[in-house]
Amino acid sequence: MNFKIFGIFFVTICSMFVFISCSQKSPHSIPTGGIEALIPLPKSVSLMGDVEDRKVFFSGDDLRIQGLENLGASSEVVEAWLMGVGVEVRKDFPTNANLVFEIKGDEEDESYDLIIKNDVIQIIANSEVGLFRGFTTLRQMMPNSCEYGGCVSGFFLPEVLVSDSPEFEHRGLLLDCCRHFMDVDFIKKMIDNLALHKMNVLHWHLTEDQGWRIEIDAYPLLTEVGAWRTELDGTKHGGYYSKEEIRDIIQYAQKRHVEIIPEIELPGHSQAALASYPWLGCTGDQLEVANKWGVFKDIYCAGNDSTIAFLETVLDEVCELFPSDRIHIGGDEAPKVRWHSCDKCQKRIKENDLKDEYELQTWFIERIGKFLEGKGKRIIGWDEILEGGLPEGAMVQSWRGMEGAIEAVSIGTDVIVSPTSHCYLDYPLSSTNLEEIYSFQPRPEGTLGGPGRILGGECNMWTERAPQELVESKVFPRAIGLAEVLWSGPEFTGTSDAYSDFIKRLEPHLDRLSILKVDYGMESVPVTLSLAVQSEKLYATLTPSAEYIKGYTHFNGDSVLLGKSIVVESRGTISASINYRGRRLPRREEFFVDGHAGVFHPIELGFTPSPYYTGGGDFALADGRIGSLGFHDGVWQAVQGEDVIAIVDLEKVIEIDSIFSNFYRYQDAWIFTPTYVEFSASIDGDHYEVISQNDFKDATLKNDAQDIVTVNSGKLMDVRARYVKMRAVNSGLCPDWHAAATEPTWLFCDEIVIRAK
């Protein structure tokens, strides 16, 4: 594909317009389209003619359409958009048409040809969906001004041949409307933007611990009770979608060739249902709709026949609503604590000759799967459904890396890939940026040649920390990168210059998104923090990630241009006020720092940090960076099931005033504070004297906080040392009251701060 020379061709075309006279209209007032912003990139794009003899298409002041009816359900969507372009739209032209939609075959695929030649635009496909994909490419080629009726005098396009088809059949977005409810109009807007980028699946997450969002006639309390929660601050949050609203959204999506796959979580993530009908659980206890995030041990009772009957009734109504032949049943993060102590569940295990609670989950999901199979539906489950043996007929969605995908393909089932490493849009840019998403390889080597198939992938927008007003800026433009990976294919996106080419096309495409009022976010963290010590002073530099990032660095009242260094002489917050692509961002980027005496001195670790939480490397506990309340910020260093032991070599003997360190606490995520923290000091590195001891006997007591706990030595007297050692004792296993009881806890630490006198 010679897309790199398209820019040269396009400049040549633009220069020719000055010399073209069309219907006595001045070419200077007529907007010009082109191929410079096609996303995802088609498989083949060829400009017509020689470089010196490029020809162009001019619409005139009308579009004469032939074959609009061939678009089927999407014909009214296409017609409505064309009516808004600005030119006069005339339909049903048997001859002399300048926009032709033609069906040439009868295969239900998404391939199409787009030919612009001899003053005619032809879109030819085997199916309605293929015609719609071809129209989408034409829309992206047309001038941005056509989006708001700015093409009254017509428009120019290059003569071109596009031949295209998708690499993967499943190209989707998971939208979690449970943690934060979203308006119907917002969901429709999201569907519009999926279609604009040739994505064809909306995976709609509708039930959770924190909210039940779908109306079920047989069980009205699911929405009367389960759709609402009382937040920690006492406010109410919630909402649900009526069946009429769901049908409307489905019809809206069908007209844009987006399949909606509902997710009805089972057996875990079901506390909203249990709060509505307590008899669905193992204990029968009255619960509240969850108002925290995490994993909860109260789940559907697998030994209770009435629970299974409940789910079959619910799913019967779900099947009546959703035409998709696939239903996602979750199957993830389902603690077996209640099942282990439930007489009914243990009886079920014994009666069915099951080995353990993991096989009970497989039995449970298979039972639901067979019911849905009778309705003409196939189930999809998260990769945990492999743990007790794959339920018969189930598809797997691999999210905990790609190991689940490899295993599922090896045993012959279909797979959707959405690993946290590349596809989780709720993660911050510091964790997963656009370039990383664009580098995704949906087919790992272990899946090549297996009996199963990788159908495609999804980007996941979980909303624990993303109410509706933040969702678009998290989804776009990152989802656009995955759209190109899944449509154009990793054989293209994996080439050395593919990403830089993608960014060149993305920049003008973002102008279109602005016109469409899409509140897109940034491609990556706008500024990166670098710290360095010079003449025993700590200097910080915030470097812009791109030339279109402008602004200032601020610290303790001082300001310098981004890219310039600023001295950090104390603990504080470095912030950046940013102008991004000409718009001033309302919130500053912030970094917490401390210019203490131990910064950038050698450090020896007595543990191996988790590869998921390295804090930036082995020197993370002495790099001057302080962690935030977001433990995915890349600053925290963590270990599971081990103690944190570290020794800082100050490289000379100094008098120490105090020592402290921060530890993260978020018990729902298995992150506990240490039970004991000890600071000790040494002159020679061999003999250490304990200078501070801190016991935390309540570390494993239930605490709902998500916060940072500071352990401080207090002011020290007459302590001189070259070496400072910290030992933080891990809490061990999650306690009995915890949903993950018996699993090892996590210990998170951000810095060993050493104050000198």
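Both backbone and side-chain heavy atoms feed into the values below; hydrogens, waters and symmetry mates do not. Predicted model, so just to flag it, every value in this text is computed and none were measured.
For the salt bridge (charged side-chain N to carboxylate O under 4.0 Å, His left out) condition, the pairs that include at least one residue of residues 299-312, sequence neighbours left out, are Asp305-Arg348, Glu312-Arg367. Residue pairs meeting the salt bridge (charged side-chain N to carboxylate O under 4.0 Å, His left out) criterion with at least one partner in residues 328-337, sequence neighbours excluded, do not occur; the list is empty. Judged as a ring-ring contact (aromatic ring centres under 6.0 Å, His included), the pairs with a partner in residues 219-243 (not counting sequence neighbours) are, in order, His180-His237, Phe181-Tyr241, Trp204-Tyr241, Tyr219-Tyr277, Tyr219-Phe310.
Taking a cutoff of 4.0 Å between a charged side-chain nitrogen and a carboxylate oxygen, Arg179 and Glu464 qualify as a salt bridge. Ion pairing between Lys474 and Asp426 fails under the 4.0 Å rule for side-chain N and carboxylate O.
Checked against side chain to side chain contact (heavy atoms under 4.5 Å, CB included), Arg453 has the following partners two or more places apart in sequence or in another chain: Glu169, Asp414, Leu455. For Asp325, there are no side-chain hydrogen bond (donor to acceptor under 3.5 Å, both in side chains) partners, not counting sequence neighbours. Under the rule for a side-chain hydrogen bond (donor to acceptor under 3.5 Å, both in side chains), the partners of Ser628 that lie at least two apart in sequence or sit in another chain are Asp633. Asp750 pairs by the salt bridge (charged side-chain N to carboxylate O under 4.0 Å, His left out) definition with nothing, not counting sequence neighbours. Applying the ring pair (Phe, Tyr, Trp, His ring centres under 6.0 Å) rule to Tyr300 yields no partners; only residues at least two apart in sequence or on another chain are considered. With sequence neighbours excluded, the residues forming a salt bridge (charged side-chain N to carboxylate O under 4.0 Å, His left out) with Glu167 are Lys43, Arg443, listed by chain and number. Residues forming a salt bridge (charged side-chain N to carboxylate O under 4.0 Å, His left out) with Asp183 (at least two apart in sequence, or on another chain): none. Asp343 pairs by the side chain to side chain contact (heavy atoms under 4.5 Å, CB included) definition with nothing, not counting sequence neighbours.
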(message) Applying salt bridge (charged side-chain N to carboxylate O under 4.0 Å, His left out) to Glu231 and Arg229, what does each step give before you reach the verdict?
(response) CA-CA 6 Å; Glu231 302 283 37; Arg229 67 173 182 262; 3.1 Å; yes
(request) Apply salt bridge (charged side-chain N to carboxylate O under 4.0 Å, His left out) to Arg326 and Glu259, showing your working. (result) CA-CA 10 Å; Arg326 298 179 287 180; Glu259 175 187 4; 2.9 Å; yes
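For Lys355, the NZ atom is loosely surrounded, since the number of other residues' heavy atoms within 6.0 Å does not exceed 12. Counting non-hydrogen atoms of other residues, nucleotides and ligands closer than 6.0 Å to CD of Gln286 gives a total above 12.
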Could you go through residues 368-377 and list every donor-acceptor pair under 3.5 Å that involves a side-chain atom there, pairing it with any protein atom two or more places apart or in another chain?
residue: Lys375; atom: NZ; partner: Asp316; partner atom: OD1; Å: 2.4
residue: Lys377; atom: NZ; partner: Phe322; partner atom: O; Å: 2.7
residue: Lys377; atom: NZ; partner: Ser324; partner atom: O; Å: 2.5

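With Ser418 as reference, Gln397 is the one residue of Glu458, Gln397, His203 to meet the side chain to side chain donor-acceptor pair (under 3.5 Å) rule. When each of Tyr612, Tyr666, Tyr427 is checked for a ring pair (Phe, Tyr, Trp, His ring centres under 6.0 Å) with His632, only Tyr427 meets the rule.
Donor-acceptor pairing under 3.5 Å is lacking for the side chains of Ser473 and Asp519. In the model, Asp209 has no side-chain atom that pairs as donor or acceptor with a side-chain atom of Ser270 under 3.5 Å.
Judged by distance alone, with hydrogens and angles left aside, the side-chain atoms of Thr420 form no donor-acceptor pair with the main-chain N or O of Gly401 at under 3.5 Å.
Aromatic rings from His197 and Trp487 are positioned such that their centres are separated by 6.0 Å or more.
A cation-pi geometry, defined here as NZ or CZ lying under 6.0 Å from the six-membered ring centre and within 45° of its normal, does not hold between Arg665 and Phe663.
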